[in-house]
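Written out below as structure tokens is the structure these notes cover.
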2 protein chains.
Amino acid sequence: MPKFVDAALRRQEVVEAVFRIVAADGLERASLREVADEADLAVGSVRHYFASSDELLAHSFGVVVDRIAGRLDAAEDRLAETAPGTAEHRRGVLTLLGELLPLDEERAVDACVWMAFKNAARTRPFLAAEADRSHRTVAAVVGRLMMDLAGIDAAGGTGGPGQQRLVTEAERLLATLDGLTMHALLQPEWMTAQMCHDVLEAHLASLDSRAASH
Amino acid sequence: MPKFVDAALRRQEVVEAVFRIVAADGLERASLREVADEADLAVGSVRHYFASSDELLAHSFGVVVDRIAGRLDAAEDRLAETAPGTAEHRRGVLTLLGELLPLDEERAVDACVWMAFKNAARTRPFLAAEADRSHRTVAAVVGRLMMDLAGIDAAGGTGGPGQQRLVTEAERLLATLDGLTMHALLQPEWMTAQMCHDVLEAHLASLDSRAASH
DNA sequence: CGGGTCGGGGCACATCCGTGCTAAAAAGGG
DNA sequence: CCCTTTTTAGCACGGATGTGCCCCGACCCG
């Protein structure tokens, strides 16, 4: 039997090289040669772990989705341990949604890579499956959060129209988050971390006051 | 004297070829050869009107920004002729903001090309100037609209904190719009034109109720 | 202590890209 | 009619990319 290395670990190293390149210079520089250089490997070696360029990119997309989903799940678990309506709960909601925003270096890289892949998926069919999974995952988290928040002021399931309103509000929150992420990445001079926080708080406050007046 | 053609018109034809390619297959297919083919020209001919590939792309970016800005200005003018608070005014606001969303074929192409260039500007310095102009233009329109809406319920300038709140709300509206556009382009199955409309109406309603309760 | 298998590297080819440069065609004024 | 200037077209070169294919060193098991 020959020499054995941890294939999963090597793949992860290559994927992280992809992340660094995409975050710094975009997907168009994530070629096999550039990735191999960044990972201190030869092109042939990278191709030993990923059959093709497409598989490397698709797998990288999957990893970043899993990373974000993992952070969201952890924040969701912590949120579930707080009592609704308390200041702690409100802070938990901010933390949960903040996991999607580029508020520190790690989340900035993730958000950047995530955005790049989501946009590329529009024109590259081999990324479409991961893009769908990504969207479904995040939409589910936001949907659960909206139901949670709605449960505070109007416990007991409201009928069809109320359900429709909830879906609309979930999509609105999702759109605001993605737009915020986009602005923070593309116009960092205008959209600072502080502004992200302010906008997010304003949105949550708006949800509260609207629900109260209804 | 030699043969004369309308250079501006030829340039416009080439730019529209760029739009078709970017909308269909993204910026990565907008090479000189592909654009020349799409415009039924030779590469050398395209290069006669645009000194380089960079200039072609930067100019195309500028054209799409101008087109969107023109539609916004027109909608803003029409809005100014309506009385604040009326249903007509509210419809005008929806129309104005709707100019940014991919609600029909023309706006979908514009939004798509616009997004593609904005994202590319993050890593391609020669697009940065247009991206800045684009952002400033749209932010100014949304800012004026927010001041207009704020003037309805709280006429007379409020001081510093009120100004700060207004900026935050403007950024929030802007983020929601861009996120909506993004979702409509990337996940058209979930984010339909109807859903765009519902979310936009919900956001405006939220602005009203929040302002009223303040 | 050999041999077979895997990790890792690299060559070569076809393809695409932007661009410098050259050349033909077109057309209106002298 | 011809000449000048614009328009249009095309060639060729250097560079980058994905991929098929081959090679060699390293290692562990029999």
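Every chain is numbered from 1 and lettered A, B, ... according to where its sequence line falls, protein lines coming before strand lines.
- Listed pair B:His48 / D:dT8 fails the phosphate criterion, with no side-chain N or O lying under 4.0 Å from OP1 or OP2.
- Per the geometry, CZ belonging to B:Arg10 stands 9 Å off C1' belonging to D:dT7, to the nearest Å.
- Among the atoms of the strands shown, none is found under 4.0 Å from any heavy atom of B:Phe50.
- Within the structure, every pair that satisfies the side-chain hydrogen bond (donor to acceptor under 3.5 Å, both in side chains) test and touches residues 116-131 of chain B, not counting sequence neighbours, is listed here: A:Glu28-B:Thr123, B:Glu130-B:Arg133.
- For residues 40-52 of chain A, no residue pair satisfies the side-chain hydrogen bond (donor to acceptor under 3.5 Å, both in side chains) rule, not counting sequence neighbours.
- In this model, the phosphate group of C:dG7 is not approached by any side-chain N or O of A:Tyr49 to a distance below 4.0 Å at OP1 or OP2.
- Counting to the nearest Å, the C1' atom of C:dG18 and the CG atom of B:Leu57 are 12 Å from each other.
- Legend: residues meeting side chain to side chain donor-acceptor pair (under 3.5 Å) with A:Glu55, ordered by chain and number and at least two apart, are absent.
- Residue B:Ser45 places its side chain closer to D:dT8 than to any other of C:dG8, D:dT8, C:dG10.
- If you measure from atom CG of B:Leu56 to atom C1' of C:dC17, you get 14 Å, rounded to the nearest angstrom.
- With sequence neighbours left out, the side chain to side chain donor-acceptor pair (under 3.5 Å) criterion links B:Asp25 to B:Arg29.
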Strictly under 4.0 angstrom, non-hydrogen atoms only: write out the protein contact profile of nucleotides 14-23 of chain D, one letter per nucleotide from the 5' end, B, S or -. ---BBBBB--
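- Within the structure, the side-chain hydrogen bond (donor to acceptor under 3.5 Å, both in side chains) test picks out the following pairs touching residues 181-205 of chain B (sequence neighbours left out): A:Arg172-B:His203, A:Asp178-B:His183, B:Gln194-B:Asp198.
- The separation between B:Leu27 atom CG and C:dC17 atom P is 14 Å, rounded to whole Å.
- Rounded to an integer number of Å, the gap from B:Phe4 CZ to D:dT4 P is 16 Å.
- Between A:Ser53 and A:Leu57 there is a side-chain heavy-atom pair separated by less than 4.5 Å.
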